Amino acid sequence: MSLAKRIIPCLDVDGGRVVKGVQFVDIRDAGDPVEVARRYDTEGADELTFLDITASHEQRDTMVHVVEQVAGEVFIPLTVGGGIREPADIRRMLNAGADKVAINTAAVFNPEFVRDAAERFGSQCIVVAIDAKQVDDGTGGGAPCWEIFTHGGRKPTGIDTIEWARKMVDYGAGEILLTSMDRDGTKNGFDLALTRAVCEAVDVPVIASGGVGTLDHLADGVLEGKADAVLAASIFHFAEYTIAEAKQHMAARGIEVRL
Amino acid sequence: MSSIAIIDYGMGNLHSIAKAVEHVAGNTRVLVSSVAADILSADRVVFPGVGGIGHCMDELARTGLDEVVREAAASKPVLGICLGMQALLEHSEENTGTRCLGLLPGQVRRFASDLVDPASGDRLKVPHMGWNQVHRKPHPLWQDIPQDSRFYFVHSYYADPADPAHRAATTEYGGDFCCALARENLFAVQFHPEKSQHAGLQLLKNFAAWSGEA
């Protein structure tokens with residue numbers, strides 16, 4: 001009897017369609033975002049995340065429209081990310097019906113943006129998205145280390161992930177969306193060492209992302225990675241599993257979920 | 001045709017609440033308004049709010065809507081949501097101490113930073129974010145909602161009413177806290193019914209039909 005661990009399907013949106021690529025290449029079409037959102041809501045998703053993967057200005061209008069439509073009929077929390085660069089972007093998404101926005105690249109280039117956004121809109125709606133890649137696996141004797149990357153995992157920043165996560169929470173982030181760039185799209189499971197390191201470093205909830213290929217991966221993210229929520233895309237998009245199956249599996253492994 | 005006014009004082013996402021109420025309240029006019037006369041002429045009033053309580057109280061005072069909330073609370077069914085629940089009490093620990101509306105006796109307190117889940121021994125995060133169970137007492141607004149249903153929460157502060165009779169429900173997070181308040185025509189919840197799928201929509205539906213009697 002306590003707080004449930006959340007399952008969050010992620011909809012990567014490009015040109016008004018849900019797509020999913022493997023490590024940001026080899027894009028496959030997975031349907032109309034409003035229809036997909038409706039299906040996940042019916043299956044019992046705890047929350048939905050929409051990521052605008054192109055984040056161009058023309059796409060922004062499409063995304064606002066998608067959020068408006070979904071918010072009119074799906075009554076669970078909605079997060080929108082991709083190209084959130086200034087307060088006006090946040091205002092627009094919240095007005096469209098989003099509950100939270102995910103800030104990624106803009107936070108790296110201007111950390112004060114996170115502080116300003118949290119003060120203006122409240123920490124409860126500011127998610128900082130972190131894309132991390134392992135740069136030292138710890139086998140050489142040092143501690144394992146992960147570095148922040150931007151631009152869909154293409155550009156290194158030299159920033160340490162754990163320090164960055166702590167800093168973003170100090171600046172007002174209400175939640176961390178943590179993606180392993182090494183695992184994203186691989187279906188090999190979350191980077192559990194990374195997930196656990198970040199979860200133990202911060203007081204706010206952490207969503208694990210990147211690499212889910214089986215239902216056990218979701219459960220491992222919670223049990224071993226200590227994540228508060230788990231995010232996945234392709235295993236749900238292509239009907240390999242339903243959200244309900246995922247929840248039943250997690251419950252069978254002793255995890256508290258909303259059934 | 002009955003009407004529900006959602007008070008707009010610049011704090012938070014009213015779109016979601018309006019959409020959810022429209023979705024369930026069939027033959028009801030739903031208006032989002034900052035105009036005192038419009039709010040006070042509605043049959044029922046929703047008092048929402050997200051963000052910090054200091055800014056919330058400042059905005060209520062600046063717009064004069066604090067008096068509108070008081071008048072509505074004295075005369076018709078009112079539903080407080082999230083910060084709109086906390087603002088009904090006397091005082092909050094947030095923003096180095098904030099005086100609230102004082103419509104119900106009690107305090108708003110922050111979750112301790114060292115909360116632990118008694119079952120697993122895991123450290124509990126603050127904010128309390130996600131779907132948690134609501135253990136309710138009898139009240140018309142819980143009609144057709146199963147005991148211990150899950151609702152969506154996101155908050156770091158919680159209501160601690162002075163009078164136990166005002167507790168309409170509790171939730172466990174490192175101990176029980178009061179997640180719903182009720183007194184006569186006033187009802188208030190810490191969670192977000194507009195984001196709590198079936199259970200939340202049922203609560204809003206019950207509110208849209210509520211006479212204001214407990």
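Naming convention: chains lettered A, B, ... in sequence-line order (proteins, then strands); numbering from 1 in each chain. All of these numbers come straight from a predicted model, not from anything done at the bench.
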**Student:** Using non-hydrogen atoms only, which part of A:A118 is less than 4.5 Å away from chain B: side chain, backbone, both, or neither?
**Tutor:** neither
**Student:** Tell me the residues of residues 195-203 of chain A whose non-hydrogen atoms fall below 4.5 Å from those of chain B, in number order.
**Tutor:** A:C199, A:E200, A:V202, A:D203
**Student:** Checking heavy atoms, do the side chain of B:H198, its backbone, both or neither come under 4.5 Å from chain A?
**Tutor:** neither
**Student:** How about B:K76: does its NZ atom have over 12 heavy atoms from other parts shown lying under 6.0 Å from it?
**Tutor:** yes
**Student:** Considering non-hydrogen atoms only, spot the tightest contact between B:S16 and A:D99 and give its length.
**Tutor:** OG-OD1, 4.1 Å
**Student:** Going from NZ on B:K125 to CG on A:D228, what distance comes out if it is rounded to the nearest 0.5 angstrom?
**Tutor:** 4.0 Å
**Student:** What part of A:R6 gets closer than 4.5 Å to chain B, counting heavy atoms only: side chain, backbone, both or neither?
**Tutor:** side chain
**Student:** Output the option from B:D122, B:D117, B:V126, B:V154 having the highest count of non-hydrogen pairs under 4.5 Å with chain A.
**Tutor:** B:V126
**Student:** Check whether B:Q197 gets within reach of chain A through its side chain, its backbone, both or neither, counting any heavy atom under 4.5 Å.
**Tutor:** both
**Student:** What are the two closest heavy atoms between A:V204 and B:P127, and how far apart are they?
**Tutor:** CG1-CD, 4.1 Å
**Student:** Looking only at heavy atoms and a cut-off of under 4.5 Å, which of A:A96, A:S123, A:A71 has the most pairs with chain B?
**Tutor:** A:A96
**Student:** Around B:R29, counting heavy atoms of other residues, nucleotides and ligands shown, do more than 12 lie under 6.0 Å from its CZ?
**Tutor:** no
**Student:** Using a strict 4.0 Å threshold on nitrogen-to-oxygen distance, state whether B:R150 and A:E256 make a salt bridge.
**Tutor:** yes
**Student:** By a 4.5 Å heavy-atom criterion (distance strictly below it), what part of A:I76 contacts chain B: side chain, backbone, both, or neither?
**Tutor:** both
**Student:** After noting the C-alpha distance and the side-chain angles of A:K100 and B:M129, does the key distance pass the side-chain contact (heavy atoms from CB on, under 4.5 Å) rule?
**Tutor:** CA-CA 12 Å; A:K100 313 181 208 178; B:M129 182 187 286; 3.5 Å; yes
**Student:** Drop me the distance from B:H23's NE2 to A:E73's CD, to the nearest 0.5 angstrom.
**Tutor:** 8.0 Å
**Student:** Is A:V257 in contact with chain B via its backbone, its side chain, both, or neither, using a 4.5 Å heavy-atom distance?
**Tutor:** backbone
**Student:** Would B:V50 and A:C125 satisfy side-chain contact (heavy atoms from CB on, under 4.5 Å), going step by step from the backbone distance to the final call?
**Tutor:** CA-CA 9 Å; B:V50 293; A:C125 69; over 6 Å; no
**Student:** Take atom CZ in B:R99; do more than 12 heavy atoms of anything else shown fall under 6.0 Å from it?
**Tutor:** no
**Student:** Quick one: CD on A:E68 to NE2 on B:H15, what's the gap to the nearest 0.5 Å?
**Tutor:** 6.5 Å
**Student:** Please give me the minimum heavy-atom distance between A:P77 and B:W131, naming the atom from each residue.
**Tutor:** CD-CZ2, 4.1 Å
**Student:** At a heavy-atom separation under 4.5 Å, does A:A98 approach chain B through its side chain, its backbone, both, or neither?
**Tutor:** backbone
**Student:** Only heavy atoms, only distances under 4.5 angstrom. Which residues in residues 39-51 of chain A are near chain B?
**Tutor:** A:D41, A:D46, A:E47
**Student:** Any idea which of A:G72, A:G122, A:G97 has the most non-hydrogen atom pairs under 4.5 angstrom with chain B?
**Tutor:** A:G97
